[in-house]
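First up is the structure itself, then whatever we jot down about it.
We use all heavy atoms of the structure for the numbers below, so side chains are in, but hydrogens, waters and symmetry mates are not. Here is the naming used below: chain letters follow the sequence lines, and residue numbers restart at 1 for every chain. Bear in mind the structure is a predicted one, so any value in this text is a computation, not a measurement.
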Number of protein chains: 2
Amino acid sequence: MAATYSIHPVGVIRKTGDTACIEIFEAYRDAMLGLEGFSHIQVLFWFHENDSPGHRRTLQVHPRNNPANPLTGVFATHSPRRPNLIGLTSCRITGIDGTRIAIEAIDARDGSPVIDIKCFIPDAKPPADVRVPDWV
Amino acid sequence: MAATYSIHPVGVIRKTGDTACIEIFEAYRDAMLGLEGFSHIQVLFWFHENDSPGHRRTLQVHPRNNPANPLTGVFATHSPRRPNLIGLTSCRITGIDGTRIAIEAIDARDGSPVIDIKCFIPDAKPPADVRVPDWV
């Protein structure tokens with residue numbers, strides 16, 4: 001197994017005031033074909049502000065940066081500190097104009113590099129009996 | 001914006017017969033603390049068998065490898081051919097034993113490198129009016 005894989009940004013998140021969009025780089029425009037058929041996408045982005053050896057070495061956090069929450073492994077959280085700095089969120093598309101995907105809102109910082117987009121397909125059978133710990 | 005980010009595998013997917021599990025590497029064991037509180041996880045893995053310049057350059061596919069489906073940009077699919085070879089799927093945890101997470105099933109190949117795990121937290125308000133194209 002290779003020790004390292006390479007990720008190349010395919011776009012960038014832009015937020016101004018209450019509006020948010022994803023600007024896809026021109027080289028990846030063709031990968032957007034058919035996106036307009038979907039109402040929602042899953043956006044994978046890079047926590048670029050946290051890309052330091054120290055943040056990558058952080059394996060446990062108090063979720064939501066709240067010391068009252070129990071110390072938790074980052075795999076059991078969505079913390080921006082983690083070995084591979086991938087953020088994941090779902091968004092509603094409000095419009096597509098060329099390489100610009102307008103979205104309702106996104107839980108990511110302005111300027112975050114986008115590393116992948118996947119169409120959102122709801123589960124035919126949504127998971128039953130979902131269980132989460134108290135801190136959630 | 002950096003041109004490239006580095007991804008280091010944190011584990012590997014093992015499938016034998018009808019059983020599947022994720023083996024987390026010892027160095028990342030501490031990141032699992034609290035996972036047992038969740039019934040489901042989101043697993044990000046690397047499409048290692050597709051990591052070639054040609055597959056990374058593929059921007060459009062016939063979804064599900066079916067020529068009857070319309071040519072579609074990879075961002076509007078979950079195709080294993082895409083610029084950054086990240087796979088994403090949700091799994092039910094059936095047990096945790098040390099660094100081994102047993103899961104119900106996973107839509108990934110045996111031996112796929114795991115690059116991140118995130119807890120699955122259901123939406124407080126599931127997305128309404130989800131729209132998908134006919135090929136889905």
Can you say whether [X] sits under 4.5 Å from chain B via the side chain, the backbone, both, or neither, judging by heavy atoms?
X	result
A/Leu44	side chain
A/Thr77	backbone
A/Arg29	neither

Go through [options] and name the one with the most non-hydrogen pairs under 4.5 angstrom from chain A.
options	answer
B/Val74, B/Asp134, B/Ile41, B/Ile93	B/Val74
B/Ala27, B/Ser90, B/Gly73	B/Gly73
B/His40, B/Arg82, B/Arg92	B/Arg82
B/Gly34, B/Pro83, B/Ala31	B/Ala31
B/Arg56, B/Glu36, B/His48	B/Arg56
B/Val136, B/Asp51, B/Val130	B/Val130

Near A/Asp107 CG, under 6.0 Å, is it more than 12 heavy atoms from other residues, nucleotides or ligands? no
Crowded around A/Arg109 CZ? As in, over 12 foreign heavy atoms under 6.0 Å? no
Chain B contact residues among residues 60-67 of chain A, heavy-atom distance under 4.5 Å: A/Gln60, A/Arg64
Indicate yes or no: at least one non-hydrogen side-chain atom of B/Ile7 is less than 4.5 angstrom from one of A/Ile86. yes
Under a 4.5 Å cut-off applied to non-hydrogen side-chain atoms, are A/Pro122 and B/Val132 in contact? yes
Would you name the heavy atoms of A/Cys119 and B/Ala76 that are closest together and state the gap between them? SG-O, 3.3 Å
Work out which heavy atom in A/Ala3 is nearest to a heavy atom in B/Pro9; give both atom names and the distance. O-CD, 3.4 Å
When you group the ILVMFWY residues by side-chain heavy-atom contacts below 4.5 Å and let the links chain together, are [Y] and [X] in the same group?
X	Y	value
B/Phe47	B/Ile13	yes
A/Ile117	A/Ile106	yes
B/Phe25	B/Met32	yes
B/Leu33	B/Val114	no

Between atom [atom1] of [X] and atom [atom2] of [Y], what is the distance when rounded to the nearest 0.5 Å?
X	Y	atom1	atom2	value
B/Phe75	A/Asp30	CZ	CG	10.5 Å
B/Tyr5	A/Leu85	OH	CG	10.0 Å
A/Gln42	B/Leu88	CD	CG	5.0 Å

Do any N or O atoms from the side chain of A/Asn84 and from the backbone of B/Asp116 form a donor-acceptor pair under 3.5 angstrom? no
For A/Phe38, enumerate each residue passing the ring-ring contact (aromatic ring centres under 6.0 Å, His included) test, keeping only those at least two apart in sequence or located in another chain. none
